[in-house]
> 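Sharing a structure, written as structure tokens. Questions coming.
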Amino acid sequence: MSLELRLQDATSEYQKLETEISNAVESRQKLDAQLSENEQVRKEFAQLQPSNTIFKLIGPVLVKQDRGEAKANVETRLEYIKGEIKRVESQLQDLGHKSEKKKSEIVELQASYKQQQRREEQPAPPPTAVTA
């Protein structure tokens with residue numbers, strides 16, 4: 001495979017990695033928002049009086065929910081979200097390493113490609129006269 005094609009392939013792979021990183025960052029931001037929201041709900045539960053009623057929104061309807069069940073649901077969601085955040089952080093770290101390796105590969109290929117072009121652009125040395 002020519003140097004130019006290898007450079008194009010590496011650049012294409014790098015762009016794909018950058019897209020994956022962007023998607024992972026977006027996912028991480030959504031998880032942060034969900035974590036914050038659920039932590040706020042947990043704080044609200046701590047301030048409730050025993051006489052307060054808890055409702056859960058299911059579609060367009062509010063349904064009465066048991067306090068223990070509601071707290072357990074929030075705790076379960078928090079644990080799940082924290083696990084997902086760890087998974088996405090690990091994915092981001094892995095993608096970051098892959099991206100850096102690909103970037104280094106591209107820099108090396110670009111340098112080789114430029115050297116190749118310079119060699120091709122240099123004029124051929126003039127023929128030397130051979131005398132017998």
Side-chain angles (χ1 to χ4, degrees):
M1 184 187 303
S2 77
L3 201 53
E4 187 175 356
L5 287 176
R6 287 176 44 208
L7 182 58
Q8 287 174 352
D9 286 347
T11 302
S12 176
E13 289 173 24
Y14 180 75
Q15 288 172 339
K16 287 177 187 173
L17 284 170
E18 290 300 308
T19 299
E20 287 181 44
I21 288 172
S22 177
N23 291 340
V25 166
E26 187 177 316
S27 177
R28 175 69 162 94
Q29 290 170 338
K30 288 178 183 177
L31 288 167
D32 278 338
Q34 290 175 355
L35 181 67
S36 176
E37 185 179 302
N38 280 278
E39 285 176 342
Q40 184 63 36
V41 170
R42 183 170 42 183
K43 288 177 187 175
E44 292 291 326
F45 280 165
Q47 297 174 0
L48 290 177
Q49 302 298 319
S51 60
N52 293 126
T53 305
I54 298 175
F55 291 92
K56 181 177 182 177
L57 184 63
I58 300 177
V61 180
L62 283 174
V63 178
K64 189 174 178 179
Q65 189 174 29
D66 176 64
R67 178 181 299 254
E69 183 183 336
K71 284 184 177 183
N73 286 344
V74 170
E75 292 300 324
T76 302
R77 276 197 307 267
L78 283 168
E79 290 306 311
Y80 174 77
I81 292 167
K82 288 176 184 176
E84 284 296 298
I85 287 173
K86 285 181 184 177
R87 183 187 65 78
V88 170
E89 284 294 325
S90 174
Q91 181 184 19
L92 277 168
Q93 194 172 29
D94 182 49
L95 288 170
H97 290 311
K98 287 180 181 178
S99 176
E100 287 302 314
K101 282 178 72 175
K102 192 56 68 176
K103 193 185 299 185
S104 296
E105 180 185 338
I106 289 170
V107 168
E108 289 174 16
L109 287 170
Q110 284 175 332
S112 297
Y113 184 68
K114 285 180 184 177
Q115 282 179 345
Q116 182 183 31
Q117 283 183 321
R118 276 191 226 118
R119 274 187 254 125
E120 291 171 0
E121 290 174 358
Q122 288 179 351
T128 55
V130 178
T131 54

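This structure is a prediction, so every number in the text was calculated from the model and none was measured.
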> Hydrophobic clusters here meaning ILVMFWY residues chained together by side-chain heavy-atom distances under 4.5 Å, can you tell me if L35 and V25 are in one?
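L35 clusters together with V25.
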> Is the number of heavy atoms from other residues, nucleotides or ligands under 6.0 Å of E18 CD greater than 12?
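Yes.
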> Between Q8 and L5, is the side chain to side chain contact (heavy atoms under 4.5 Å, CB included) condition met? List the steps.
CA-CA 5 Å; Q8 287 174 352; L5 287 176; 3.6 Å; yes
> Please round to the nearest 0.5 Å and tell me the distance separating atom CZ of R77 and atom CD of E37.
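Spacing of CZ (R77) from CD (E37) equals 8.0 Å.
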> Please find the pair of heavy atoms, one from A24 and one from L92, that lie closest to each other, and give the distance.
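That closest heavy-atom pairing would be CB-CD2, 3.5 Å.
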> Does atom NZ (K86) have a neighbourhood of more than 12 heavy atoms from anything else shown, all under 6.0 Å?
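Count not over threshold, so no.
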> Are L17 and I106 linked, directly or through other ILVMFWY residues, by side chains that come within less than 4.5 angstrom of each other?
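As far as the 4.5 Å side-chain criterion goes, I106 and L17 are not connected within one cluster.
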> Indicate the atoms forming the closest heavy-atom contact of S99 with I21, along with that distance.
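The pair with the smallest heavy-atom distance is CB-CD1, 3.9 Å.
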> For residues 43-60, pull every pair meeting side chain to side chain donor-acceptor pair (under 3.5 Å), keeping only residues two or more places apart or in separate chains.
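For residues 43-60, and leaving out neighbouring residues, the side chain to side chain donor-acceptor pair (under 3.5 Å) pairs sorted by first residue read Q40-E44.
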> Counting only heavy atoms not in K102, do more than 12 sit closer than 6.0 Å to its NZ atom?
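More than 12 heavy atoms, drawn from other residues, nucleotides or ligands, come within 6.0 Å of this atom.
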> Transitive ILVMFWY cluster of L57 at side-chain heavy atoms under 4.5 Å: who else is in it?
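Via sub-4.5 Å side-chain contacts, L57 links to F55, L62.
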> Nearest 0.5 Å please: distance from the CD atom of Q29 over to the CG atom of L31.
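Separation between the atoms: 10.5 Å.
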> Between E121 and R118, does any side-chain N to carboxylate O distance fall below 4.0 Å?
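Answer for the salt bridge query: no.
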> Rounded to the nearest 0.5 Å, what separates atom CZ in R6 from atom CD in E108?
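Rounded to the nearest 0.5 Å, the CZ-CD separation comes out at 9.5 Å.
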> If I take atom CG from residue L7 and atom CD from residue Q116, how far apart are they, to the nearest 0.5 angstrom?
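These two atoms lie 10.5 Å from each other.
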> How far does CG of L3 sit from CD of Q110, to the nearest 0.5 angstrom?
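Output value for this atom pair is 10.5 Å.
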> Between E13 and K16, is the closest basic N to carboxylate O distance under 4.0 Å?
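Salt bridge flag = no for E13 with K16.
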> Once you round to the nearest 0.5 Å, how far does CD of E84 lie from CD of Q91?
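Going from the CD atom of E84 to the CD atom of Q91 covers 10.0 Å.
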> Give me the atom names and distance for the closest heavy-atom approach of A10 to E105.
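The answer is CB-OE2, 3.9 Å.
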> Using the side-chain contact (heavy atoms from CB on, under 4.5 Å) rule, pick out the option among N73, L78, T76 that qualifies with N38.
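One option only clears the test, and that one is L78.
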